[in-house]
Amino acid sequence: MTTTLSVIGVGYLGAVHAAAMAELGHDVIGLDIDADRIAALQAGIPPFHEPGFTEILQRGLDSGRLRFTTDYADLAHAEVHFLGLGTPQKADGLGADLSHLEAAVASLTEVLPVREGAPTLVVGKSTVPAGTARRLAERLAPVDGAYLLWNPEFLREGFAVKDTLEPDRLVYGVHEPGTPAAEQAVAQLDAVYARILEREAPRLVMGYEAAELVKASANAFLATKISFINAVSEMCEATGADVTDVARAIGMDERIGGKFLRAGVGFGGGCLPKDIRAFMASAEENGVGEALSFLREVDAVNERRRTRVVDLAAEMLGDLEGRRITVLGAAFKPNSDDTRDSPALDVACRLRAAGALVTVTDPEALGNAERSLGDLVQLVPGTDEALHGAELTVLLTEWDEFKDLDPVRTASLVSAPRMLDGRNVLTPQEWREAGWEIRSLGRAAVPQTKAPQASLLVGV
Ligand code: UDX
C-alpha cells in the first residue's frame, strides 16, 4: 500500500530515510530549511558520501515518487510525517540542542489542520533525551487526529541504506501502549514499513521514554565497549601484551561478542560522542547523574587515545617541531566523508599544534576536512602524493586502500620508513621485515616472541 509521506530534515538520517521510503514504493516529500541541500537532492546530487545512496536517490526522483521542498505548505496532505532533524550537542553544555526539532514541530503544527480530522501520524526518528517525545506530543495535541510515535533510527554511516531497509529491529515508542489511539498509530506505521516487516524484522512497541532510552543506551553501550578495549589497550602497552590478541580471545565468548572491540584511536562521528554526553546531561536533569557518571570515563579514555598518538609520534621522531608527518585518513571512519569529531582530524590538528608539518589524505573526506580546518594542514588527494617526503606516517582511518598498502612499495615513497598504526590494521611483522619502524596502539614497541604453536592451542 502506498502512503504519502514527508520527511522533515534531510540531513544524513532524513535524506537516506526519504529515499529508502520511496524505494519501498511510497510517495515521499523531503523538506529542509537549507535551500542548497534541497536543490542538490532534487538534482540527484548526494550531499554526502554514502554507498548505495546515489542510486536510490536517483531511482526515487526518476520514478516521480520522491521530491524535495523548503515549503511546509507542500507537506499538508501527507498522511505520515517523519522527523529526521539533527540534535547536536549544545554550544554551551553537554546536553542535546533540540531547537531544530522544536521549530519543525511548530511549523508542522501550522499546516497539519488542512487534513481536517483524517488521522495524521508524526514519527520522530531523531536521537533525543527521554521526555522529549512526551513534551512534543503535548504540542501536537491540539491538532485534531494527530498522533506522535517515536521510532529511533539505528543506522550506521557507510551502511545507512541497508540499515534503513533491513534494520535488525524496529522500535515504536507510543503515548500509552495498548490504547486504541496507540494501536491505530502502530498499524499506520506498520503499513509504511510493511515490506520491512515482511522480512521478519522484530518490531517492539513500548512507551515513549523506553524508546528514547533504547537509542541512548545502545549508543552508550557501543561507546563503552570501544573505550573498554581501549582502556585494556593502555594496560597492554604497559605490560607488553598485544591488544588484538586479547580482543580476539575475549570476543569469542558469546556473552561478550567480537564486534566493537577494535582498539585504536577511538570513536568519533556525529553520534557516539554527542550522544553519550547528552545521555549524561539527561541523567543529571533527571536526578540520577551518578548512574551514568562512568560515561565521563568512557569519554576520557577515548580522548586519551588521541593524546597517546601524539605522544607516540613524538617518541618516534624525538621532536615534532618542523617534522613532516603524513596522516592517512580524515573521515571519522572508512566509507564515509564525515569529519565530525573525527579522531583523525583531531590528531592531525594536535600534531600541527605541536609544530609538525602535517599532510592529510583521505579518499572521500578532504572537502569536509578543508571546510573545518582551512589551511591549517596540507590536504593532498592521492595516497602516493601525500606520502611523498613523510618522516612519519600515521594511519588513523582504516580505509581499504590504507590497509592494503604494500610496505616495500610504500617505503620507496616516504623519506623515512616510520609507521604509527592508530587502528591496528597493519601486520607489524610484515612492515618490520620491509625495514619499517612500526608502532601501534595497544601493542608493545618490540614484539614479544610468541611460541609459533600458540595459535594452534586456541580452543584446546
Ligand atoms: C553509530 C551507531 O553504530 C549507530 O547505530 C547509530 O545510529 C549512530 O551512531 P556511526 O556513527 O555511523 O554509528 O559509526 P560506528 O560504526 O558506530 O562507529 C563509531 C566510531 O567508533 C567510529 O569512529 C569508529 O571508527 C569507532 N570504532 C568502532 C572503534 O574505534 N572501534 C570499534 O570496534 C568500532
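Just so you know, ligand 1 is whichever comes first in the structure, and atom 1 is the first atom listed for that ligand.
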**Report entry** Which of the ligand 1 atoms, numbered from 1, are nearer than 4.0 Å to a heavy atom of Leu155
**Finding:** 4 (C), 6 (C), 7 (O), 8 (C)
**Report entry** Cys271 touching ligand 1 at heavy-atom level, < 4.0 angstrom
**Finding:** yes
Query raised in the report: Do the two ring centres, one from Phe82 and one from His17, sit under 6.0 Å apart?
Result: yes
Query raised in the report: Starting from atom 19 (C) of ligand 1, which protein heavy atom do you reach first, and at what distance in Å?
Result: Leu272 CD1, 3.7 Å
Report summary line: If you compare Arg262, Glu153, Lys333, Lys274 by their heavy atoms, the one closest to atom 34 (C) of ligand 1 turns out to be Arg262
Requested in this report: Identify which of Lys259, Arg423, Arg340 has a heavy atom lying nearest to atom 30 (O) of ligand 1.
Outcome: Arg423
Query raised in the report: Quick check: does any side chain N or O of Ser293 sit under 3.5 Å from a backbone N or O of Glu290, one acting as donor and the other as acceptor?
Result: yes
Report summary line: With heavy atoms and a 4.0 Å threshold, my read on which part of Leu261 contacts ligand 1 is backbone
Query raised in the report: If you measure from each non-hydrogen atom of Asp275 to ligand 1, which part falls under 4.0 Å: side chain, backbone, both or neither?
Result: neither
Report task. Specify the protein heavy atom at minimum distance from atom 2 (C) of ligand 1: its residue, its atom name, and the distance to 0.1 Å. Result -> Asn219 OD1, 3.6 Å
Query raised in the report: Is the backbone N or O of Ala444 less than 3.5 Å from a side-chain atom of Glu237, with the two atoms forming a donor-acceptor pair by type?
Result: no
Report summary line: The side chain to side chain contact (heavy atoms under 4.5 Å, CB included) partner of Leu387 among Thr359, Val380, Leu328 is Leu328
Query raised in the report: Quick one: are the ring centres of Phe48 and Phe53 less than 6.0 Å apart?
Result: yes
Query raised in the report: Does Gly264 have a non-hydrogen atom less than 4.0 Å from ligand 1?
Result: no
